[in-house]
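Bear in mind the structure is a predicted one, so any value in this text is a computation, not a measurement. Each chain gets a letter, A, B and so on, in the order the sequences are listed, and its residues count up from 1.
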Number of protein chains: 2
Amino acid sequence: MLTPRTGGTRRSAKREAVLDAAQAVFLEMGYAAASMDSVAARAGVSKATVYAHFDSKDQLFAAVIRRRCDKSEAFVLADRTLDARAALTLIGRRLMDLLLSPEALAMYRVVVSESLRQPELAQAFYDSGPGAGKAQIAAIIAELIRRGELAAVDPRRASDQFVGMLRTDYFMRTLLGLTQPEGSRVDDVIDDAVETMLRAWGTASSPPR
Amino acid sequence: MLTPRTGGTRRSAKREAVLDAAQAVFLEMGYAAASMDSVAARAGVSKATVYAHFDSKDQLFAAVIRRRCDKSEAFVLADRTLDARAALTLIGRRLMDLLLSPEALAMYRVVVSESLRQPELAQAFYDSGPGAGKAQIAAIIAELIRRGELAAVDPRRASDQFVGMLRTDYFMRTLLGLTQPEGSRVDDVIDDAVETMLRAWGTASSPPR
DNA sequence: GTCTATATTTCGATAGAC
DNA sequence: GTCTATCGAAATATAGAC
């Protein structure tokens with residue numbers, strides 16, 4: 001009879017605690033500034049326990065990033081009854097909520113800074129983050145084109161441009177920890193991006209303004 | 001009689017050598033991984049000399065970033081004879097050359113990763129980089145609107161969106177050190193951004209396609 | 001697996017001679 | 001200002017008991 005592997009290596013409670021603590025510390029402090037001591041302290045275990053589960057700081061970091069990438073979900077589901085304006089606005093809202101969340105921003109900062117040192121992690125981050133998002137939005141745009149709500153344009157190109165118009169100054173300022181100018185609102189960014197998309201690629205069934 | 005200040009503090013040859021070395025090391029390795037020893041070695045001076053000119057690693061880093069920000073030039077001058085398509089394409093080309101340059105990418109990586117720890121540097125970087133670029137492009141777009149080449153739209157908003165459509169997937173992949181997909185070209189990104197801008201905000205004098 | 005205690009290295013910063 | 005030499009702290013990683 002097989003044991004339930006309660007004390008197993010891959011999924012012990014302490015191992016998960018270490019991963020949770022490491023994620024918090026790495027995202028808060030950045031890779032280099034995060035010490036294995038602080039990870040151990042935060043996890044409530046000894047440093048030797050950390051090294052019992054992960055060979056090195058590099059591998060622990062890799063495990064944190066990969067786990068987070070695996071967990072990233074499809075952030076948007078197309079409601080087939082929505083017209084282009086409503087669909088794009090909804091996508092925009094969800095994407096902005098995701099991009100501007102403290103965790104996503106922290107993840108972006110640390111992965112970008114370590115991307116050259118750990119190329120495989122950069123690839124994993126891209127595939128599960130920007131890459132997956134681009135594909136999802138492209139699929140929805142392709143559907144809108146099929147329904148005649150948007151003009152015929154390469155969906156991946158349109159997805160790129162739409163995301164680009166969302167990830168502008170507002171995102172940059174938030175990423176850098178700066179305050180937003182008076183009266184700057186996320187909803188305006190979204191509405192403006194949708195309007196430009198519709199003006200450029202809208203059809204009679206989805207008029208701008 | 002005043003001395004020529006050859007041995008002065010603010011502009012000695014060694015001080016400049018330290019700054020040059022520090023810039024190279026910080027941008028290559030990131031703030032935390034860059035050691036004062038490596039800076040001294042690269043500058044060809046002793047570590048004590050580094051500390052004779054800069055009180056701490058933090059202040060040396062700040063001096064490097066500020067110097068680089070001060071040096072950032074106006075990257076684009078409007079040729080008043082260009083129509084909207086030509087002007088936007090030229091701006092796009094210059095901006096992409098700048099954004100995709102190894103030094104700008106390295107600067108972006110290190111400033112983003114240290115932005116929360118050094119808020120004043122984040123502000124200086126934004127002001128002299130993204131902020132200045134946005135203002136410059138907005139001014140050119142305002143001129144195009146004045147000449148009837150573009151429809152009436154908030155120039156700063158249009159600038160944001162245009163830059164956003166340039167800084168898309170291609171930029172992200174380069175930033176992360178990933179290879180570009182087969183057949184992916186910078187000029188296509190620029191042309192696509194220009195076309196969408198003109199379709200959305202072009203006039204009879206600047207028709208799309 | 002998990003702990004305490006420690007080995008070893010590296011780093012930021014300084015003392016003191018010139 | 002500049003150097004050599006070094007201090008003290010903090011970091012990664014490991015040894016050995018249980």
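- With a 6.0 Å cutoff to the six-membered ring centre and a 45° limit on the axis angle, A:Arg117 counts as a cation-pi contact of A:Tyr31.
- Listed nucleotides D:dT14, D:dT4, C:dG12 differ in distance to A:Tyr51; the shortest reach to its side chain belongs to D:dT14.
- Put simply, B:Ser46 has a side-chain N or O that comes within less than 4.0 Å of OP1 or OP2 on D:dC3.
- The minimum heavy-atom distance linking B:Tyr170 with B:Arg185 is given by the pair CE1-C, 4.1 Å.
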> Just the dot-bracket of DNA chain D, please: which string comes out with Watson-Crick or G-U pairs under 3.5 Å, [ ] for crossing, | for another strand?
Replying inline: ||||||||||||||||||

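- Counting any heavy atom pair closer than 4.0 Å across all strands shown, B:Ser35 reaches sugar-phosphate atoms only and no base atom.
- Residue contacts shown for B:Ala33 are absent, as no nucleic acid heavy atom lies under 4.0 Å away.
- Between the side chain of A:Glu149 and the backbone N or O of A:Ala84, at least one donor-acceptor pair lies under 3.5 Å.
- Among residues at least two apart or in separate chains, salt bridge (Lys or Arg N to Asp or Glu O under 4.0 Å) pairs with a member in residues 126-140 of chain A are A:Lys134-A:Asp160, A:Lys134-B:Asp169.
- In terms of polar N and O atoms assigned as donor or acceptor, the side chain of B:Lys47 comes within less than 3.5 Å of the base of C:dG12 in a complementary pairing.
- Of the residues in residues 54-64 of chain B, those lying under 4.0 Å from DNA chain C by heavy-atom distance are B:Ser56, B:Lys57.
- No side-chain donor-acceptor contact under 3.5 Å links B:Thr168 and A:Gln161.
- Nucleic acid contact for A:Ala34: sugar-phosphate only, since backbone atoms but no base atoms lie under 4.0 Å from a heavy atom of the residue.
- A salt bridge links A:Arg93 and A:Asp97; the closest N-O separation between the charged side-chain nitrogens and carboxylate oxygens is under 4.0 Å.
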